[in-house]
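Take a look at the structure below.
The chains referred to below are lettered A, B, ... by the order of the sequence lines, with proteins before strands, and numbering in each begins at 1.
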There are 2 protein chains.
Amino acid sequence: MVTAARKPETGTPTVYDVAERARVSIATVSRVYRSPDAVRAPTREKVLAAARELGYVPSGSARGLASRTTGILGLCFPDYTDPETDTPGDGDENAATLYADHIIRGMERAARSRGYALLIAASLRDGPTNLVATLAGHVDGFAVMSRTVDAKDLETVSRRMPVVTLAGPAELGHLDNVQVDNRDGQRELTRHLITDHGLTDLAFVGGPADSPDAEERFLGYQDACRDAGLPVPPEPTLRGALTRTAGREAARTLVAGGGPTPGLPQALLLANDQMAVGALEEFAAHGVRVPQDIAVTGFDGIPLGAMAHPPLTTVRQPSRRIGEEAVALLVDRIAAPQRDPRPVVLPVSLVLRASCGCAEPVPAPRRG
Amino acid sequence: MVTAARKPETGTPTVYDVAERARVSIATVSRVYRSPDAVRAPTREKVLAAARELGYVPSGSARGLASRTTGILGLCFPDYTDPETDTPGDGDENAATLYADHIIRGMERAARSRGYALLIAASLRDGPTNLVATLAGHVDGFAVMSRTVDAKDLETVSRRMPVVTLAGPAELGHLDNVQVDNRDGQRELTRHLITDHGLTDLAFVGGPADSPDAEERFLGYQDACRDAGLPVPPEPTLRGALTRTAGREAARTLVAGGGPTPGLPQALLLANDQMAVGALEEFAAHGVRVPQDIAVTGFDGIPLGAMAHPPLTTVRQPSRRIGEEAVALLVDRIAAPQRDPRPVVLPVSLVLRASCGCAEPVPAPRRG
DNA sequence: TTGAAAGCGCTAACAC
DNA sequence: GTGTTAGCGCTTTCAA
């Protein structure tokens, strides 16, 4: 056994220091951490003891370099939140933020259960170059939420490692993709209003035109109108940011007679729950009764909706599952890099509450 | 210029491939990515072009190994959520989960603005060894939320890199620590009830005894009782998990006469908002009027509280700022490893709403 | 401004 | 079961 002559224990301890102290080779130290069972128990103990005394922590970088895998998965998500406000209290957090939180949760949990950690970074206007440079080099696979990374960078990165696109249409055809069935959900919800409640005078408040989710929902709305033989609007009745404030404004516009038709429509469908809650508040303030005077619906299934008055009818999307699916696809492709791209569309579910005219007039406590 | 004989472009491109193609040395390629200004523009362009054509992405591991810094900050947070439920809709998500989400947000944002990415992993019962091994080796600094990492591991890691403890008492005295003034907040809130509303028959529903935050809040409650000359209870009137369900159960117990005194107390203070919202629901179901029959308060300042009926009086904590402070401390210590440990206590603020008897009987829409 | 050469700390063959 | 020996792909002096 030749313990190479090395500088005395200085700075952060390395395998060499541990090996020297435990009187074994560096290979054995390495083995103790990678496959403990491949080392005899007494040897292992010696090594572990030495490591403990030295305060040894294996270098992730060195491991990554030598093994060409890091045990890290990456996620790039959009950052819509206003940096100014630290407002867990006012409830006007952007829905996309909450949504991203759930996806982060889902990914983190799924990743961890498979032995991966999660590296995250929000994309900002300041150029994705930075982003890709920051993240891509450190991970074994990469999930990107819709519209957060430039297609070109995505292309480059995907040549080097598994990449899955999330929560939006597949931007690059050859990549795995996870999305929620926004269109189908909104179609079903609209159909419910038309068929089950017999409403025909509807209005849809869309999101920004560059929000793929919101646009898909509008398409579903159009589908339902078409299916029911109602006029199919080429554009949402109104548009707004996906915030509570924007929902309030939409309702106010309608109440003020600012809509396309003189009176209030029979139903107001909003592109997400945040907006819908805002609309509910505004209607209440103007004495407009929901659902008697107008039915209101949202989309997402956030907790706020269940607490609203009346409780909000909506479409629940499995946001956490998006993250879980992303990890599944990534891990799967790490194992089989050449398999065909797989697009996953997650089903959504209708949540019928009082705001559309369905039961449950009072939020009855469910016994635990 | 000697372009070393290397295997032809195979697998993922490296600096060597880019250097060869751009007819420069690897050192120049490296410079282009680290300090572009140190390279003449034409040279830089050549390199960038070659990199683009090759689909080159710098290896984070190699950079990390060579430079001994990764540009990554780590966060370890507790995972309380029930893996079974994918329930963005039912609103009974654990408060700690939401709380952690905010901290993650805050850290991510602050980290990114300083050029760092964030590596996250929830701690589970399955042993922190894994955690430390997974994360610590990859980061330049490490934030850990209270009770997620074994003190021993923390000790080891902190010998190797900056570590800050979060959202709880400083577990290791020599580390930076960020916490919120739970005690002071609960004291103030309790004082408000006693002094401003003249209530003297109070009950406090605590969290699990192993939740430092909840315990601090109880201490604040005791302080206020002491200050007001009221009897100081040695223990919370009731205890429960920090969930809505637990809050409901607490209220039910009280309504059923299960409390220490026969009737309902004048005020019920709960250790967090989730519980308080549950209590509000249960009281409503039993026809107990809030605040007329009993005042109710929470702690945290979650959006749900503002939507509750009546809107919940609470203490708002700057959860996002915790994450921001953590990053500030970490970055600061990376720059000055030897500076003295700095404990940061973030102030909280009272949010007075209707559930304690303060104004705002109806959630009046605030004009945006 | 650019190049050459020496590691960074580890894993992976392979030998013993 | 354990040791030897090459790298992994970059950054970093130091020269030129």
Checklist entry - Between dT4(D) atom P and Ile26(A) atom CD1, what is the distance in whole Å? => result 9 Å

Item to check | Shortest non-hydrogen separation from Leu119(B) to Ala117(A) and the atoms involved | outcome: CD1-CB, 3.9 Å

Checklist entry - Counting side-chain heavy atoms from CB outward, which of dA4(C), dG9(C), dC10(D) is closest to Ser25(B)? => result dA4(C)

Checklist entry - Expressed in angstrom and rounded to an integer, what is the separation of Glu20(A) atom CD from dC10(C) atom P? => result 14 Å

Checklist outcome for this item: The side chain to side chain contact (heavy atoms under 4.5 Å, CB included) partners of Asp340(A) (sequence neighbours excluded) come to none

Checklist outcome for this item: Residue pairs passing the salt bridge (Lys or Arg N to Asp or Glu O under 4.0 Å) test with at least one member in residues 171-180 of chain B, sequence neighbours excluded, are Asp176(B)-Arg333(B), Asp176(B)-Arg339(B)

Item to check | Residue pairs involving residues 35-51 of chain A (criterion salt bridge (Lys or Arg N to Asp or Glu O under 4.0 Å); sequence neighbours excluded) | outcome: none

Checklist entry - With Pro162(B), which of Leu330(B), Asp332(B), Val139(B) fulfils side chain to side chain contact (heavy atoms under 4.5 Å, CB included)? => result Leu330(B)

Item to check | Polar pair under 3.5 Å, donor/acceptor by atom type, side chain Tyr16(B), base dC8(D) | outcome: no

Checklist outcome for this item: So, with a heavy-atom separation below 4.0 Å from DNA chain D, the residues of residues 66-76 of chain A are Ala66(A), Arg68(A)

Item to check | Spacing of Leu65(A) atom CG relative to dG7(C) atom P, expressed in whole Å | outcome: 16 Å

Checklist entry - Near DNA chain D, which residues from residues 43-52 of chain A have a heavy atom under 4.0 Å away? => result Thr43(A)

Next on the checklist: Going by side chain to side chain contact (heavy atoms under 4.5 Å, CB included), name the residues that satisfy it together with Ala170(A), two or more places apart in sequence or in a different chain.
Outcome noted: Asn177(A)

Checklist entry - Atom CZ of Arg23(A) and atom P of dG3(D): how far apart are they, to the nearest Å? => result 12 Å

Checklist outcome for this item: Of the candidates dG1(D), dC10(C), dG9(D), the side chain of Ser59(B) sits closest to dG9(D)

Item to check | Any residue meeting side chain to side chain contact (heavy atoms under 4.5 Å, CB included) with Pro343(B), in chain and number order, not counting sequence neighbours | outcome: none

Checklist entry - Does a side-chain N or O from Arg40(B) land closer than 4.0 Å to OP1 or OP2 of dT2(C), or not? => result yes

Item to check | Which nucleotide in dC10(C), dT11(D), dG9(D) has an atom nearest any side-chain atom of Thr12(B) | outcome: dG9(D)

Next on the checklist: Side chain of Ala27(B) only, heavy atoms from C-beta on: which candidate in dT11(C), dG3(D), dA4(C) is closest?
Outcome noted: dA4(C)

Checklist outcome for this item: Numerically ordered, the residues 29-38 of chain B set in heavy-atom contact under 4.0 Å with DNA chain D is Ser30(B), Arg34(B)

Checklist outcome for this item: Sequence neighbours excluded, the answer for side chain to side chain contact (heavy atoms under 4.5 Å, CB included) partners of Ala136(B) is Val57(A), Val132(B), Val157(B), Met161(B)

Checklist entry - Which pairs with one or both residues in residues 47-67 of chain A pass ring-ring contact (aromatic ring centres under 6.0 Å, His included), sequence neighbours excluded? => result Tyr33(A)-Tyr56(A)

Next on the checklist: For residues 155-164 of chain A, which residue pairs pass the side chain to side chain donor-acceptor pair (under 3.5 Å) check, not counting sequence neighbours?
Outcome noted: Glu155(A)-His174(A)

Checklist entry - ring-ring contact (aromatic ring centres under 6.0 Å, His included): which pairs involve residues 144-173 of chain B, sequence neighbours left out? => result none

